[in-house]
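These notes concern the structure reproduced below.
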Amino acid sequence: IDLSADLFGQTLTSPLLNASGVHCQTKEELNDLANTSNLGAMVTKSATLQAREGNPNPRYYDLENGSINSMGLPNLGYDFYLDYVLQEQTKPTILSVAALSAADAITLLKDLQASDYQGPTELNLSCPNIVGEPQLAYDFEATDRVLNEVFSFYTKPLGVKLPPYFDLVHFDKIAAVLNKYPLTHVNTINSIGNGLWVDIDQEQVVTKAKGGFGGLGGTMVLPTALANVRALRQRLNDSIKVLGTGGVTSGEDVFAHILCGADLVSVGTQVMKEGLGVYDRLAEELKAIMAEKGYQTLADFRGKLKEL
Ligand SMILES: C=Cc1c(C(=O)O)[nH]c(=O)[nH]c1=O
């Protein structure tokens, strides 16, 4: 059984990654990822031009069937993560970047274009937890404008992190925009934005920022994640890879993401619940499913979801 996968020309021993934001903010956390078996590649916490504290605590809450977070984009700043991927990287790494404005995104990517970094970058267009800021990728015209300007100068490998869409016309619209650009990949989904959890005993919300509204992850988002992976795979040019993120807690979930078309699969909430050992479990479970079904490689079943 062969779990190898390709990350923009780099061969990975496993198709599994961490979801940006989970266990990837500090040097210690990034080094943990580098030393995690069955984690084929890793993604940094989305970096902004300036370091950020993020939202006040409580800002992450574990739920029976997932998680809710309003972290607020805490990160050590773009310079730290650029230095990490240039100097410290030992495992294939995707540099995730974010911006609070289109202007900041352009500034950051112009600097990255001028830097020695030649590796993959992921532009996060979907952070749901910046007070007062919309999730850019829900504005199709704005997304088109930003990507048009970015690709007027950026020539290195670049993908985007997308929010979940919930309307087939929206899948058509975002795919029509993305297919205009030489993107390496889309990573779908980010958390389902602006969910709300209620603590019945205390009769109050469980996270502080935005009155308790936050991004949802974990088991509860799996059907939405699978739909977005499938819909975008069906609509995007073959040259654009799909990284499936959302709701993975078992080898079956990894299998489902790949069956829907995912080239690679990221895991977030379940790492928060189970720790980095989850990757060994998921790899073993996936291999057992493949053996049971007579599949040797991921390509044997990738994208082959049958309809009725
Ligand atoms: C980059 C900010 C994000 C955050 C955050 O830092 O609040 N949480 C998410 O679920 N997704 C994000 O994209």
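In listed order, ligands and their atoms are each counted from 1.
Judged as a salt bridge (charged side-chain N to carboxylate O under 4.0 Å, His left out), and not counting sequence neighbours, Lys156 has no contacts. For Lys304, there are no salt bridge (charged side-chain N to carboxylate O under 4.0 Å, His left out) partners at least two apart in sequence or on another chain.
A cation-pi arrangement is absent between Lys241 and Phe8, since the terminal nitrogen or guanidinium carbon is not both under 6.0 Å from the aromatic centre and inside a 45° cone about the axis.
In summary, the atoms of ligand 1 found under 4.0 Å from a heavy atom of Met71, numbered by their order in the structure, are 5 (C), 6 (O), 7 (O). Near Leu73, meaning under 4.0 Å from one of its heavy atoms, ligand 1 places the atoms 1 (C), 2 (C), 5 (C), 6 (O), 7 (O). Interface of Gly72 with ligand 1, defined as ligand atoms under 4.0 Å from a residue heavy atom, comprises 5 (C), 6 (O), 7 (O). Each of the atoms 4 (C), 5 (C), 7 (O), 8 (N), 9 (C), 10 (O) of ligand 1 lies under 4.0 Å from some heavy atom of Asn69. Within ligand 1, the atoms closer than 4.0 Å to a non-hydrogen atom of Asn129 are 4 (C), 5 (C), 7 (O), 8 (N), 9 (C), numbered from 1 in the order shown. Applying the 4.0 Å criterion to heavy atoms of Asn190 picks out, from ligand 1, the atoms 9 (C), 10 (O), 11 (N), 12 (C), 13 (O). Which parts of ligand 1 touch Pro128 is read off a 4.0 Å heavy-atom cut-off, strictly below it: atoms 9 (C), 11 (N), 12 (C).
Between Tyr165 and Phe171, the ring planes lie perpendicular to each other; the angle is over 60°, past the 30° to 60° tilted range.
Between the CG atom in Leu232 and the SG atom in Cys260 there is a gap of 11.5 Å [rounded to 0.5 Å]. Here Leu76 contributes atom CG and Thr48 contributes atom OG1; the two are 9.5 Å apart, rounded to the nearest 0.5 Å.
Distances from ligand 1 to the non-hydrogen atoms of Ser191 include at least one value under 4.0 Å. Judged by the shortest distance from any of its heavy atoms, Lys45 lies inside the 4.0 Å radius around the atoms of ligand 1.
Regarding atom 2 (C) of ligand 1, its nearest protein heavy-atom neighbour is Cys127 SG, 2.6 Å.
Contacts between Asn55 and ligand 1, counted as non-hydrogen atom pairs separated by less than 4.0 Å, are absent for every part of the residue.
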>> salt bridge (charged side-chain N to carboxylate O under 4.0 Å, His left out), that's the test. Do Glu284 and Lys287 meet it? Break it down for me.
In response: CA-CA 5 Å; Glu284 288 317 304; Lys287 280 193 272 193; 3.3 Å; yes
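Among the candidates Asp253, Val22, Val278, the single residue satisfying the side-chain contact (heavy atoms from CB on, under 4.5 Å) test with Gln270 is Val278.
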